[in-house]
Protein chains: 2
Amino acid sequence: MAYADQYIDKLRKSGLRPTKQRIKICEVLFDAEKTFHFTIKELVKIIENQANIKVSLATVYNTVHAFMKKGYLKEIPLNASQSYYDTNVTHHHHFFDEEENKLIDIHQDDVDEVNIKRTIPGKKIKSVEVIAKIVSDNQSQK
Amino acid sequence: MAYADQYIDKLRKSGLRPTKQRIKICEVLFDAEKTFHFTIKELVKIIENQANIKVSLATVYNTVHAFMKKGYLKEIPLNASQSYYDTNVTHHHHFFDEEENKLIDIHQDDVDEVNIKRTIPGKKIKSVEVIAKIVSDNQSQK
DNA sequence: TAATACATTATATTAATTCTAAACTGTTGA
DNA sequence: TCAACAGTTTAGAATTAATATAATGTATTA
């Protein structure tokens with residue numbers, strides 16, 4: 001498996017030893033064809049389906065948090081009961097479909113750069129995210 | 001109290017009868033000099049401090065949700081363990097100070113209109129919010 | 001006033017997340 | 001080889017926000 005080294009590298013850089021469980025988590029997160037959004041529960045389910053090894057909730061939480069801290073994963077700002085994470089850490093934004101509870105990427109090119117004129121003394125901007133809530137467009141109810 | 005009628009009106013329009021408890025909630029929310037951000041817990045604490053009446057958690061949750069549905073309050077999209085609400089329902093954005101867990105308004109004029117070029121078939125955009133995370137700017141660590 | 005509809009409350013429940021402590025694993029160095 | 005150690009994993013407990021429940025209370029209507 002050619003990717004193994006990348007995973008080991010990511011884990012080490014996140015301050016974690018490369019264990020079976022953590023490498024499995026990496027495979028699911030970073031070996032996917034496309035980037036994707038997930039909750040912890042969903043991630044655990046994917047691992048269970050794919051893997052011959054079991055990974056406990058605690059390990060998944062810990063590993064995801066370590067990756068977040070390092071910037072290998074991103075949390076999506078939302079008001080949901082569970083946290084949503086994104087394997088796409090490049091600069092982009094999201095639609096959130098409130099009716100279906102689904103996230104859709106908005107590519108960077110589809111939004112003009114958000115330019116905030118106001119500054120806060122002693123603080124710098126770490127990230128800027130746009131969340132656009134969408135709902136059904138019932139034109140008939142016009 | 002000149003505002004009482006407004007509160008009664010807001011409550012009725014939200015489908016709620018104007019009771020002592022609910023009017024007290026209105027006073028705290030809508031009688032403030034400035035708009036503000038709050039969590040349910042904080043709101044309960046403010047009421048306890050100001051009021052001679054006790055309002056249960058359940059009533060606060062129910063009333064806040066009814067106001068949200070009607071658009072008299074807004075929930076701020078964030079990844080926090082608790083939900084944050086805003087009495088300012090005009091179009092504006094937020095800084096979120098991750099170190100101090102504090103929200104700061106960004107006035108509409110301080111951000112160019114966010115123009116999203118992408119559309120989703122059958123869906124319309126209900127709201128667009130910008131969250132800018134800020135952290136200490138330690139220039140020395142340059 | 002009786003009947004009805006809606007409110008309030010304390011408490012129980014649920015569910016995500018975090019914590020804990022015990023068992024486990026792998027590495028190091030004698 | 002093996003003992004010691006540092007870091008891991010895990011199941012289950014604890015925590016906490018939010019929601020549901022059901023008993024009691026209140027107000028309105030006829």
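So that the names make sense, note that chain A is the first sequence line, chain B the second, and so on, each numbered from 1. Everything numeric here is computed off the predicted structure, so don't read it as measured data. Any value given below was found using the heavy atoms of this structure, including those in side chains, with hydrogens, waters and symmetry copies removed.
With dA10(C), dT17(C), dT10(D) as the candidates, the nucleotide lying closest to the side chain of Ala58(A) is dT10(D). The listed nucleotides are dT8(C), dA17(D), dT9(D); the one nearest the side chain of Tyr61(B) is dA17(D). For Arg17(B), counting side-chain heavy atoms from C-beta on, the closest listed nucleotide (dA18(D), dA7(C), dT8(C)) is dA7(C). Closest to the side chain of Gln82(A), from the set dT10(D), dA10(C), dA16(C), is dA16(C).
The distance between atom CZ of Arg12(A) and atom P of dG26(C), rounded to the nearest whole Å, is 14 Å. Between the P atom of dA10(C) and the CG atom of Asn62(B) lies a distance of 14 Å, rounded to the nearest Å. Here the C1' atom of nucleotide dT19(D) and the CG atom of Asn79(A) are 16 Å apart, to the nearest Å. Remark: P of dT25(C) and CD1 of Ile53(A) are 13 Å apart, rounded to the nearest angstrom. At whole-Å resolution of the value, CG in Leu57(B) and C1' in dT21(D) are 15 Å apart. In this entry the distance linking OH of Tyr85(B) with P of dA17(D) reads 12 Å, nearest Å. Across the protein-nucleic acid pair, Lys24(A) atom NZ and dT9(D) atom C1' stand 17 Å apart, rounded to whole Å. Rounded to whole Å, the distance from CZ on Phe38(A) to P on dA16(C) is 15 Å.
In this structure, the ring of Tyr72(A) has its center no less than 6.0 angstrom from the ring center of Tyr7(A). The aromatic ring centres of Tyr85(B) and Phe36(B) sit 6.0 Å or more apart.
Of the side-chain N and O atoms in Ser83(B), one or more sit less than 4.0 angstrom from OP1 or OP2 of dA18(D). For Lys54(B), no side-chain nitrogen or oxygen approaches OP1 or OP2 of dT9(C) to under 4.0 Å. For Thr59(A) and dT10(D), the shortest distance from a side-chain N or O to OP1 or OP2 is below 4.0 Å. For the pair Gln21(A) and dT25(C), the criterion of a side-chain N or O lying under 4.0 Å from OP1 or OP2 is not met.
Taking the ring axis of Phe95(B) as reference, the NZ or CZ atom of Lys133(B) does not stay both within 45° of it and closer than 6.0 Å to the ring centre.
When each of Arg22(A) and His65(B) is assigned the nucleotide of DNA chain D with its nearest heavy atom, Arg22(A) is the one assigned upstream, toward the 5' end.
For the atom pair CG (Leu16(A)) and NZ (Lys70(A)), the distance works out to 11.0 Å, reported to the nearest 0.5 Å.
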Worksheet item: Given Glu42(A) and His37(A), is the side-chain contact (heavy atoms from CB on, under 4.5 Å) satisfied, shown in steps?
Response: CA-CA 9 Å; Glu42(A) 288 166 356; His37(A) 311 121; over 6 Å; no
